[in-house]
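Before any comments, here is the structure.
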Amino acid sequence: SKNVIFLWYFSQVDLRHRQVSKSVEDVQKIIKDLTAEVSSKDARFQSIANSGVHNDSFKDQPALASKWAALLRGRCTFNPAIQVLTPTLFLISVPVRGLMGYKERRARQWRYYTLSGSRLLSPVREPEKLHQWLELESFPNASQEWHDSRVAMEGDIVPAKVVTVFREQVEAAIKTCRLTEKVSVLESVGSVVRVAVETSEVQIEVELVPTVELMNCWPKRARWPRLLQRWPSTERTRCIKSFGFNLMATSNYHWLLSFSRAEQVLLGSIDEDGGCRRKCYRVVRQLKEDVWCPGSKPVITAHHLQTLLFWTCEKYPSSRDWRNLRECVLRLVQKLHKCVSQRYLRHYFVRTYNLLKYTNTNELDDMAKKIADFLENPRTHMH
């Protein structure tokens, strides 16, 4: 059965990787042009070509850029702005400009405003563990455009307002760039800009999220590394934290903490000891997409599987634990089954937050049954 996994891996998994790489290439080119046009009309938003260490805010930090390049050299990595959640669903963070010198402050309590500016009798609810307020005072060097009442209210930068301004610019840019045949804005619930992008092969749904990229700082609530943690190494941990984190405009009042750069570095260097962790992850991802949880809006995405892989690497830090592909795949599948059955998967960096908190429990239960069937006879699912 070891040969079955290898043959299946090189046929199915490799094919998926090539197809997704082509889709990413097509989408990246279109969204790069689109966001460059948005940026030319509203300088608060940057092109996705400027994401991560290429952000205008970090031009004075060449050491970070060279460190990033050295870490990911020779590895097939996508633009750090693009997260592939499924082969037809991408999340793209659009970096903002003009918010510099971030200092984490104790946020003031209680807000009584609505998005339209009227007053509330009771305060807006406080952010959850993976969210936070974002106050203009946190940026001593914030450019004047961010004090604009179209994006700020009572000293807060309000994500829903930022998204409204961004959506208007995206709609205008689609026409200006003559992309109406390739890009269309989709109806969306809440503070998110969703577009459908026609590539040469397939239609991709893309969520475009204005994102504040914060380098060389780490949020207090992300207590990582943990005490006595053996994976990753101390040196790698320090390096990962230097790339900081993001705040994404995904809800009305609160900004979502994201660690996509840290996750990309972790995944990019995960098999430096010659192990099969990445292969193992790709096999489980393929099974998830083909058998257990297909479709463009699955309850479990590639990001959930990546989180599960990091927890498993931490529990099994030795290189000898990652030599047998079949054993490693089954171990990861068993862990996935446990998470899905218990409806509980801890965020890797903010461990008190359950990533499955708001997922559809019926769909999770269906998936748990399918994984249980697989564990009884893995060979029948690999053909």
Side-chain angles (χ1 to χ4, degrees), residues 23-25 27-39 42-58 64-65 68 72 77-86 89-100 102 130-132 134 146 151 157-167 169-170 173 183 185-186 188 190-195 197 204-215 217-219 222 240 243-251 254-268 301-303 306-307 347 349-350:
S23 295
V24 168
E25 206 176 292
V27 168
Q28 178 171 277
K29 185 179 184 309
I30 291 167
I31 301 299
K32 212 183 259 186
D33 291 346
L34 193 66
T35 50
E37 173 59 26
V38 167
S39 184
D42 188 333
R44 286 173 294 202
F45 305 107
Q46 298 187 65
S47 161
I48 62 163
N50 292 357
S51 62
V53 293
H54 308 294
N55 193 309
D56 284 356
S57 312
F58 311 122
L64 263 184
W68 178 267
L72 299 177
T77 56
F78 303 141
N79 182 311
I82 301 174
Q83 289 183 61
V84 178
L85 300 179
T86 78
L89 177 64
F90 297 178
L91 175 68
I92 300 185
S93 48
V94 179
V96 302
R97 182 192 280 115
L99 294 173
M100 289 167 291
Y102 176 76
L130 213 58
H131 291 80
Q132 68 169 65
L134 191 57
W146 288 103
V151 294
I157 304 170
V158 183
K161 285 176 156 287
V162 174
V163 168
T164 299
V165 172
F166 177 65
R167 183 186 286 112
Q169 293 292 356
V170 167
V183 185
V185 178
L186 300 168
S188 57
S191 298
V192 68
V193 177
R194 287 169 55 237
V195 297
V197 179
I204 308 288
E205 184 178 316
V206 177
E207 289 186 13
L208 295 170
V209 186
T211 300
V212 184
E213 298 186 323
L214 303 167
M215 294 277 190
C217 57
W218 194 255
I240 285 167
F243 291 116
F245 67 107
N246 292 339
L247 291 170
M248 303 182 78
T250 57
S251 68
H254 310 132
W255 293 77
L256 174 72
L257 276 79
S258 161
F259 299 85
S260 53
R261 279 186 304 282
E263 289 160 354
Q264 195 172 1
V265 174
L266 269 177
L267 201 58
T301 67
H303 183 256
Q306 192 175 278
T307 302
H347 189 280
F349 296 104
V350 184

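Just so we're clear, the structure is a prediction, and the values are computed from it rather than from any experiment.
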With heavy-atom distances below 4.5 Å as the criterion, would you say the side chains of Ile92 and Ile48 are in contact?
yes
Qualifying residues under ring-ring contact (aromatic ring centres under 6.0 Å, His included), relative to His131, sequence neighbours excluded
none
Can you list everything that forms a ring-ring contact (aromatic ring centres under 6.0 Å, His included) with Tyr102? Sequence neighbours excluded, please.
Phe139
Counting C-beta onward and ignoring hydrogens, is there a side-chain heavy-atom pair between Leu256 and Leu130 closer than 4.5 Å?
yes
In Å, rounded to the nearest 0.5 Å, how long is the span from OG of Ser258 to CD of Glu263?
6.5 Å
Heavy-atom nearest pair, Phe245 first then Pro219, reads CD2-CD, 3.3 Å
Look at the rings of His347 and His303 and say which category their plane angle falls in: under 30° parallel, 30 to 60° tilted, over 60° perpendicular.
tilted
Quick one: closest heavy-atom pair of Leu134 and Leu247, and the distance?
CD1-CD1, 3.7 Å
Do Ile82 and Val27 pass the side-chain contact (heavy atoms from CB on, under 4.5 Å) test, and can you show the C-alpha distance, the side-chain angles, and the key distance before you say yes or no?
CA-CA 10 Å; Ile82 301 174; Val27 168; 5.5 Å; no
If I take atom CG from residue Asn79 and atom CD from residue Glu25, how far apart are they, to the nearest 0.5 angstrom?
12.5 Å
Which residues pass the side-chain hydrogen bond (donor to acceptor under 3.5 Å, both in side chains) test with Arg44, sequence neighbours left out?
Asp42, Asp148
To the nearest 0.5 Å, tell me how far Glu213 CD sits from Ser93 OG.
6.0 Å
Do Phe45 and Asn50 have side chains that approach each other closer than 4.5 Å (heavy atoms only, starting at C-beta)?
no
Which atom of Arg261 lies closest to which atom of Gly244, heavy atoms considered:
NH2-C, 3.9 Å
Residues at least two apart in sequence or cross-chain that pass ring-ring contact (aromatic ring centres under 6.0 Å, His included) with Phe90, listed by chain then number, are none
Kindly compute the distance separating CG (Leu91) from OG1 (Thr86), expressed to the nearest 0.5 Å.
11.5 Å
Please give me the minimum heavy-atom distance between Pro210 and Leu208, naming the atom from each residue.
CD-O, 3.8 Å
Rounded to the nearest 0.5 Å, what separates atom CD1 in Ile240 from atom CD in Gln264?
11.5 Å
Just how far is it from atom CD of Gln28 to atom CG of Asp33, taken to the nearest 0.5 Å?
10.5 Å
Looking at Arg97 and Gln46, would you say the former's side chain and the latter's main chain have a donor-acceptor pair under 3.5 Å?
no
Distance-minimising heavy-atom pair for Ser51 and Pro80:
OG-CG, 3.8 Å
Who passes side-chain hydrogen bond (donor to acceptor under 3.5 Å, both in side chains) against Thr301, sequence neighbours left out?
His304
Check Leu99 against Val96 and note the closest heavy-atom contact, atom names and distance.
CD1-CG2, 4.1 Å
Whether Thr211 side chain and Val209 backbone form a donor-acceptor pair below 3.5 Å:
yes
Got a sec, which residues hit ring-ring contact (aromatic ring centres under 6.0 Å, His included) with Phe349, two or more places apart in sequence or on another chain?
Trp218, Trp224, Phe259
For Arg194, does its backbone N or O pair with a side-chain atom of Arg167 as donor and acceptor, under 3.5 Å?
no
